[in-house]
Structures are given as structure tokens and as C-alpha cells.
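This one's a predicted model, so the numbers in the text were calculated from it and none came from an experiment. Computation of the quantities below employed the complete heavy-atom set of this structure, encompassing side-chain atoms and omitting hydrogens, waters and symmetry-equivalent molecules.
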Amino acid sequence: MKKQLTANEIRYRTYFPELTEKNFNPMNDVLFKFIFGRPERKLITIDFLNAIAAEDLGHPITDIVFTPTENVPDSHDEKLTRLDVACTLDTGEQVDIEVQIVNQKNMQRRTMCYWARLYLLSLPPGGAYQDLKPCITINLLRFNLLPQEEAHSMWSIYNAETGDRLNKDLVFHFLEIPKYTKSPKKRIRDMTKMERWLAYFANQLSDDEKGELIMSDEAIHKAVDAARTFLQNDAERLAYINRELAILDYNSDHRDAFEEGKAEGRREGEAKGRKEGEAKGRKEGEAKGREEGRTEGQEEANKRWSMLMQRLFGEQRYDDANKAAADADFREKLFKEYGI
């Protein structure tokens, strides 16, 4: 008997192709936690962490213990954009992996807040500062955030003048997937361990390339096998679909709001522009009128003065001419006398 699809499964197929192990979204947070957050698959997580953090740590990671994460949501829509996979390394460092799907324009401060929570929780009751454990936050992003072109960047605390590092207690790793997809393409066999994981999360390889990636990397092979198991479970599959639709709705709502904001901005801008244009036009017209008035008035005054001087010089009234130049009232009297 054919399985009846739920309403959300039908809606999902309207926007996405039929969900299979070949086209799943590795950054769907429900699926990510299933693969990377379970003790029975910790070897996958260890492999991923070694690819990202081992070089800066100065030693390989050989074991981890997953730690429960009790997070107070920072906003009503946080469930769409955030997943914590927290663990403690065999050498004591605390690690928090964050998957961020949409850009809420606050990632830099949010990751510092996540790190601070983890760092404070590493101090046991009654403990001393030397008991604090270094904390590493790995941010896996499906959007561009930072200024550098490279997909991976590591951040810590350094002296701005000398470049000396304060310590390794604060470490942020950012993996910006869109930057990886735009980087020069490499053959699978030429990729570093980190690049293979970036290729896995970007999920833009051809079928042949995916096959080569799976066959060349045991941990990624296990991750794909785990995804296959996940998708065969009706409850997990539906949770995946619900999350993809929630992300779709979130993006759609924000896109609609953005477009409406742009339209409203245009309307307000046009109205303001017309108003400012009218005001500017009035000011320019008034200024031009005053200028023209001053010009015309000056020309008329010059013409009257010239006529008056001609009459006074013609009648040899030199003293009156001199007096008219200095005395405006006397000048006006002469204008009336001559009808000018």
C-alpha cells in the first residue's frame, strides 16, 4: 500500500525536488544534529573537528564527550537559524558547533555570547580562574559575513600592535559556504581535509564527484550513510521537511517585507523629492526673481541717473549735479522736476 503524503510533504514537493540521499541539504539543522550530535557517530564529528581546529590546537583530537546544551532562545525565530552541538575534547577544551542558515545581521555578537556562555559554564562551582577551559566556537554559515575572501577564517585575541596572542581561551572559526562555492574548483584528490568537508556542506558536486568524495573519505562516507538512515525514518524525514519549509517561509516573509520596505521607501522618496523639488523650485524662483528684479531695478536707476546728469550738465548746473550724487532726497526732487 502506497504511503499517504502529509500536507507538508505535498507542499515541500511544490518547492523542492523529491527528497533523496543525493539531494538532501547537509546544513538542515535537524539532519546536522542527527549526524554530528550523536555519540554513536562521534567519529564523524571528531574528523570534522580535526579538519577545522586541530592545527590551531597544536594536537589532534582523539576523543570527545557530547555535553547537553540548554539554550534560552535569543529571539522568537531562533529555531530556524541555530543549532548547538556541544562537546568536550579529550584534552579539556569546550567546543560549540553552530549552524546558521539565515543572516539576522547579528552573528558577530551572537557568537561572542555563545562563547561566553560556554566559557562561564566551564568554571566549576567554587573553582578558580585557572580552572576555566579554553572554548572554541565553530560557525557554519550559509551566507557571507566577514570581509576576507577565504571560506575559512579563525579569530582570537591578539595585540593590535605586535600581533602577540593573549591566549587560546577564545577561538572562533567561521566557515562561509557561499565563499567556498565561488572559489577555484579543485579535483577531489587535490582537496585538503577541510576542503572536502566544505564540498560536502556546499553540496554542489556532480554525481561522479560525490561518488569520488564518498569513496576517498571515510568520515564523509559515514555521514552520507547516516543521512540515508535519517531519510528512511518517517518522523526524522518529516522533521527535516518541516524545517526546510520553516526556512522557506522565513526567507519569503523577510523578502516580502524587504520588497514592501523598498516600495514604501520609493513612495516616500518620491513624495519627499516632489516636496523638496517644489520647495527648491520656489526658492530658486524667488531668488531668480529677486536677482532679476535687482538687475532690472539697477538698469532703470542707471538710466534715470544718466538722463538727470545729461539735463543738469546741459544746463550747467554743476553744483546741483554734485549735490544730487550725495543727497538721495535732493536727487528725487530733481527727478520730479524733470519728470524723469
Side-chain angles (χ1 to χ4, degrees), residues 18-55 57 59-69 83-91 93-101 136-142 151-152 173 175 177 180-181 186-241 243-244:
E18 184 175 358
L19 180 59
T20 70
E21 63 188 62
K22 292 184 178 181
N23 61 21
F24 66 88
N25 172 18
M27 292 184 67
N28 178 289
D29 53 3
V30 177
L31 176 58
F32 185 93
K33 187 171 184 178
F34 180 88
I35 296 173
F36 292 89
R38 301 283 182 89
E40 63 269 27
R41 282 183 287 276
K42 69 178 181 179
L43 292 180
I44 299 174
T45 309
I46 290 172
D47 188 273
F48 172 70
L49 292 176
N50 270 317
I52 307 305
E55 182 178 354
L57 282 170
H59 59 78
I61 300 165
T62 59
D63 198 11
I64 61 174
V65 176
F66 288 102
T67 55
T69 305
L83 166 70
D84 289 340
V85 173
C87 61
T88 302
L89 306 186
D90 54 312
T91 46
E93 295 89 350
Q94 307 288 306
V95 178
D96 183 22
I97 307 172
E98 301 287 342
V99 175
Q100 301 288 346
I101 304 300
I136 302 166
T137 296
I138 298 174
N139 299 292
L140 185 59
L141 310 180
R142 203 162 72 177
H152 171 250
H173 289 273
L175 303 176
I177 299 303
Y180 170 76
T181 61
K186 286 187 177 182
R187 296 176 298 181
I188 302 297
R189 60 180 173 271
D190 295 331
M191 290 180 178
T192 64
K193 186 68 167 176
M194 183 188 298
E195 288 170 339
R196 289 200 292 271
W197 275 114
L198 288 170
Y200 165 81
F201 287 114
N203 199 28
Q204 293 188 358
L205 299 175
S206 66
D207 288 344
D208 290 341
E209 289 172 326
K210 287 181 182 178
E212 184 180 352
L213 178 65
I214 292 169
M215 294 306 295
S216 64
D217 195 295
E218 182 181 2
I220 292 178
H221 194 166
K222 290 180 178 179
V224 173
D225 285 344
R228 184 182 298 115
T229 301
F230 175 92
L231 294 174
Q232 290 172 352
N233 182 294
D234 289 345
E236 300 283 15
R237 184 186 180 94
L238 183 57
Y240 171 101
I241 288 172
R243 188 54 51 88
E244 290 294 295

Is D225 paired with R228 through a side-chain N to carboxylate O contact shorter than 4.0 Å? yes
Minimum heavy-atom separation for A51 and M194, please, with both atom names. O-CE, 3.3 Å
Under a 3.5 Å distance rule, please check whether N203 uses its side chain to pair with a backbone N or O of F24 as donor and acceptor. yes
Assess whether atom CD of E209 is packed by more than 12 heavy atoms of other residues, nucleotides or ligands within 6.0 Å. yes
Y240: partners by ring pair (Phe, Tyr, Trp, His ring centres under 6.0 Å), with sequence neighbours left out: none
State the CG-CG distance between D208 and L213, to the nearest 0.5 angstrom. 12.5 Å
For the aromatic rings, using the six-membered ring if either is Trp, is the centroid distance between F48 and F201 under 6.0 Å? yes
Closest approach of L57 and E93, non-hydrogen atoms and distance? CD2-OE2, 3.7 Å
For K210, enumerate each residue passing the salt bridge (Lys or Arg N to Asp or Glu O under 4.0 Å) test, keeping only those at least two apart in sequence or located in another chain. none
Closest non-hydrogen atoms of A226 and R41, given as atom of the first, atom of the second and distance, are CB-CD, 3.5 Å
What one should report as the nearest heavy-atom pair of A202 and T181 is CB-CG2, 3.7 Å
Which of parallel (below 30°), tilted (30 to 60°) and perpendicular (above 60°) describes Y200 and W197? perpendicular
Looking at every non-hydrogen atom in both residues, tell me the closest pair between A54 and P60 and how far apart they are. CB-CA, 4.3 Å
Could you list the residues that satisfy side chain to side chain contact (heavy atoms under 4.5 Å, CB included) with I64, not counting sequence neighbours? K42, T45, I46, L49, I61, F66, C87, L89
When rounded to the nearest 0.5 Å, the distance separating CG of L140 from NE2 of H152 is 11.0 Å
Is there a side-chain contact between E212 and R189, using heavy atoms and a 4.5 Å cut-off? yes
Verify the distance criterion only: is there a donor paired with an acceptor across the side chains of E244 and N28 at less than 3.5 Å? yes
The criterion is salt bridge (Lys or Arg N to Asp or Glu O under 4.0 Å); which residues satisfy it with D217, sequence neighbours excluded? K193, R196
dist L198:CG -> Q204:CD (nearest 0.5 Å) comes out at 12.0 Å
Residues I188 and S216: closest non-hydrogen pair is CG2-OG, 3.6 Å
Ring pair (Phe, Tyr, Trp, His ring centres under 6.0 Å) partners for Y180, two or more places apart: none
Could you give the distance from CG (D47) to NZ (K222), rounded to the nearest 0.5 Å? 9.0 Å
Rounded to the nearest 0.5 Å, how far does CG of L175 lie from CD1 of I52? 4.5 Å
Checking E236 now: which residues fulfil side chain to side chain contact (heavy atoms under 4.5 Å, CB included) with it, not counting sequence neighbours? V30, F34, R38, F230, N233
Looking at CD1 of I177 and CZ of R142, how far apart are the two atoms once the value is rounded to the nearest 0.5 Å? 10.0 Å
Measure the shortest side-chain to side-chain distance between N25 and R243 over non-hydrogen atoms and say whether it is less than 4.5 angstrom. no
Looking at T229, I35, I214, which hits side-chain contact (heavy atoms from CB on, under 4.5 Å) with V224? I214
